[in-house]
Undergrad: 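Structure below; questions to follow.
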Amino acid sequence: MNQVPLLIIGAGPAGLSAAYRAAEAGADVLLLERSGKAGGQLVKQTHKFFGSEKQFASTRGIHIADRLTSRLEQLPGRVTLLTDATVLGIYEDGVVTADISGTVQKFRPSAVIVATGAYEKTLAFPGNDLPGVYGAGAVQTLMNEYGILPGRRVLMVGAGNIGLIVSYQLMQAGVHVAAVIDAADRIGGYLVHASKIARAGVPLLMRHTVVAAGGSEEVERAVIAEIDEQWQVKPDTKRTLDVDLICVAVGLSPLADLLYQAGAVSRYIAPLGGHVPLRDASMMTTLDGVYLAGDVAGIEEASSAMVEGELAGLAAARRLGFEGGDTSGLISACLAELRQLRAGPAGGKIRTGLALAGVYA
Ligand SMILES: Cc1cc2nc3c(=O)[nH]c(=O)nc-3n(C[C@H](O)[C@H](O)[C@H](O)COP(=O)(O)OP(=O)(O)OC[C@H]3O[C@@H](n4cnc5c(N)ncnc54)[C@H](O)[C@@H]3O)c2cc1C
């Protein structure tokens with residue numbers, strides 16, 4: 001059994017930021033990441049990020065990941081980052097198990113921060129198990145991490161930011177985007193992303209859904225149709241698109257299984273992406289000493305994931321008795337920054353969600 005002061009699960013923007021702030025305050029940190037490199041979703045993002053200057057706006061996601069990771073080197077010996085390290089369980093007695101490069105190890109941390117991000121939602125339709133039907137995350141991984149084209153002609157399902165950005169990235173890679181469709185009556189993502197695609201002649205079809213994928217061995221076509229006010233398919237509007245790739249980008253949900261297993265209380269809050277573990281203003285869940293940060297706390301953006309990570313890192317360090325630097329001042333600054341990031345019309349959904357969760361006014 002390995003005793004560790006602070007164990008952080010997931011080295012995306014939230015986990016990396018939590019590790020930095022906790023270590024800076026004086027805590028020794030073990031940061032476990034299941035994939036082969038740190039950065040989370042950022043390692044797939046070739047576009048320049050929106051957000052505030054402090055959270056690296058106008059920098060490409062992949063470069064933000066590098067900066068957050070190399071920042072840990074400023075605190076030598078404080079943070080141990082292990083990749084290929086998947087946390088398997090958090091148990092009621094506080095023990096955490098992880099598969100680290102093929103060997104299962106047990107830890108007994110004094111505090112834990114869960115920063116595991118999100119999983120993609122999908123859609124049920126005939127043929128959705130054919131090769132060629134992908135989630136947007138898989139498409140990005142193939143294209144941007146492995147340099148593999150997932151198809152030649154794509155139907156994008158979902159006109160939120162992820163659907164729009166991935167459509168543009170597919171176009172940059174030479175893939176023909178036959179259409180971007182969405183069941184909603186308006187585009188969910190930022191108009192700047194939608195305009196780039198529309199200017200290139202891609203039809204953006206609202207109030208449309210995918211009815212079926214067709215093909216013998218793999219996707220060879222997609223049937224789409226308009227839907228009515230009750231979200232029912234209008235049969236006479238069905239038409240077939242000649243595509244070999246259907247990319248489903250219909251939203252994310254918090255990846256909180258570890259917290260549910262440990263007994264954290266959760267609630268279904270639609271504006272936060274589905275079931276979310278409840279937490280207090282310092283990011284502590286209903287489990288004593290177990291914190292969370294980032295998309296696992298509610299689907300938002302990398303900018304807020306970083307600030308939530310810093311907040312959780314500072315709060316966990318303070319709980320462990322580390323008050324190096326101005327911990328209280330930094331905690332107040334994080335809270336103010338989150339309020340600022342969530343101000344204005346773009347933050348309306350998250351404000352509603354957090355108000356329902358009882359943590360944000
Ligand atoms: C196409 C796209 C475009 C985006 N554009 C923007 C943008 O312009 N601006 C912006 O601010 N945000 C943007 N985002 C959102 C942003 O990427 C996420 O909000 C952010 O990455 C969330 O950070 P996180 O650390 O909570 O989760 P993630 O980045 O998902 O990191 C979670 C990490 O936890 C690891 N993990 C999960 N389970 C385990 C386990 N059991 N054991 C060990 N490790 C585990 C995962 O491997 C992952 O590395 C975009 C997202 C996408 C998909």
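These numbers come from the heavy atoms of this one structure, side chains and all, not from hydrogens, waters or symmetry mates. Note that ligands are numbered from 1 as they come in the structure, with each ligand's atoms numbered from 1 the same way.
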Undergrad: Does an N or O from V87, backbone or side chain, lie closer than 3.5 Å to an N or O of ligand 1?
TA: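 Yes - when backbone and side-chain N and O of V87 are compared with those of ligand 1, one distance drops under 3.5 Å.
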
Undergrad: So, do L170 and M156 sit near enough that their side-chain heavy atoms are less than 4.5 Å apart?
TA: yes

Undergrad: Show your working on side chain to side chain contact (heavy atoms under 4.5 Å, CB included) between Q261 and D257 and close with a plain yes or no.
TA: CA-CA 6 Å; Q261 178 201 15; D257 310 43; over 6 Å; no

Undergrad: Can you list the atoms of ligand 1 that are under 4.0 Å from a heavy atom of I9?
TA: 40 (C), 42 (N), 43 (C)

Undergrad: Does R34, backbone or side chain, put an N or O under 3.5 Å from an N or O of ligand 1?
TA: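 Yes, at least one N or O pair falls under 3.5 Å.
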
Undergrad: So, do L130 and E218 sit near enough that their side-chain heavy atoms are less than 4.5 Å apart?
TA: no

Undergrad: Out of the candidates R60, Q140, H63, only one should pair with Q45 under the side chain to side chain donor-acceptor pair (under 3.5 Å) rule; please name it.
TA: Q140

Undergrad: What pairs of residues pass the salt bridge (Lys or Arg N to Asp or Glu O under 4.0 Å) test when at least one of them lies in residues 270-290, not counting sequence neighbours?
TA: R279-E308, D288-R319

Undergrad: Output the list of atoms in ligand 1 that are nearer than 4.0 Å to some heavy atom of S303, sorted by atom number.
TA: 11 (O)

Undergrad: Should H47 be counted as touching ligand 1, given the test is an N or O pair under 3.5 Å?
TA: yes

Undergrad: Using a 4.5 Å cut-off on heavy atoms from C-beta on, say whether the side chain of H47 contacts that of Q172.
TA: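 No; the side chains remain at least 4.5 Å from each other.
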
Undergrad: Between K48 and ligand 1, is there a nitrogen or oxygen pair with a distance under 3.5 Å?
TA: no

Undergrad: Please state whether Q169 comes within less than 4.0 angstrom of ligand 1, counting heavy atoms only.
TA: no

Undergrad: Looking at ligand 1, would K44 count as a contact under a 4.0 Å heavy-atom criterion?
TA: no

Undergrad: Using a 4.0 Å cutoff against the non-hydrogen atoms of Q140, which atoms of ligand 1 qualify?
TA: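 Under 4.0 Å from Q140, ligand 1 has these atoms: 1 (C), 53 (C).
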
Undergrad: Which atoms from ligand 1 have a heavy atom of Q41 less than 4.0 Å away?
TA: 17 (O), 21 (O), 28 (P), 29 (O), 30 (O), 53 (C)

Undergrad: Quick one: look at T116 and ligand 1, take heavy-atom pairs under 4.0 Å, and tell me if it's side chain, backbone, both or neither.
TA: both

Undergrad: Could you tell me whether A302 and ligand 1 have an N or O pair separated by under 3.5 Å?
TA: yes

Undergrad: Measure the spacing between NE2 of H176 and CE of M171 and express it to the nearest 0.5 Å.
TA: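 It is 9.5 Å, given to the nearest 0.5 Å.
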
Undergrad: Looking only at side chains, do R318 and S328 share a donor and an acceptor under 3.5 Å apart?
TA: yes

Undergrad: Within the structure provided, determine whether Y20 and Q74 are in side-chain contact (heavy-atom separation under 4.5 Å).
TA: yes

Undergrad: How would you list, by chain and number, every residue that makes a side chain to side chain donor-acceptor pair (under 3.5 Å) with E300, sequence neighbours excluded?
TA: S304, R342

Undergrad: I'd like to know if N161 contacts ligand 1, where contact means a heavy-atom distance under 4.0 Å to any ligand atom.
TA: no

Undergrad: Can you list the ligand 1 atoms lying under 4.0 Å from a non-hydrogen atom of A115?
TA: 32 (C), 33 (C), 34 (O)

Undergrad: Should you measure from each heavy atom of Q45, which atoms of ligand 1 turn up under 4.0 Å away?
TA: 1 (C), 2 (C), 3 (C), 51 (C), 52 (C), 53 (C)

Undergrad: Mind checking whether G61 has a heavy atom under 4.0 Å from ligand 1?
TA: no

Undergrad: Which atoms of ligand 1 have any heavy atom of G294 under 4.0 Å away?
TA: 26 (O)

Undergrad: What are the atoms of ligand 1, with element, lying closer than 4.0 Å to any heavy atom of A14?
TA: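 What qualifies from ligand 1 is 25 (O), 26 (O).
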
Undergrad: Just go through A136, G117, S304, G12 and tell me whose heavy atom is the nearest to atom 27 (O) of ligand 1.
TA: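 Looking at heavy atoms only, the winner is G117.
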
Undergrad: Can you tell me how far CD1 of I181 sits from CG of L241, rounded to the nearest 0.5 angstrom?
TA: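 Atom-to-atom, L241:CG and I181:CD1 are 8.0 Å apart.
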
Undergrad: Less than 4.0 Å between a side-chain N and a carboxylate O, is that true for D28 and R78?
TA: yes

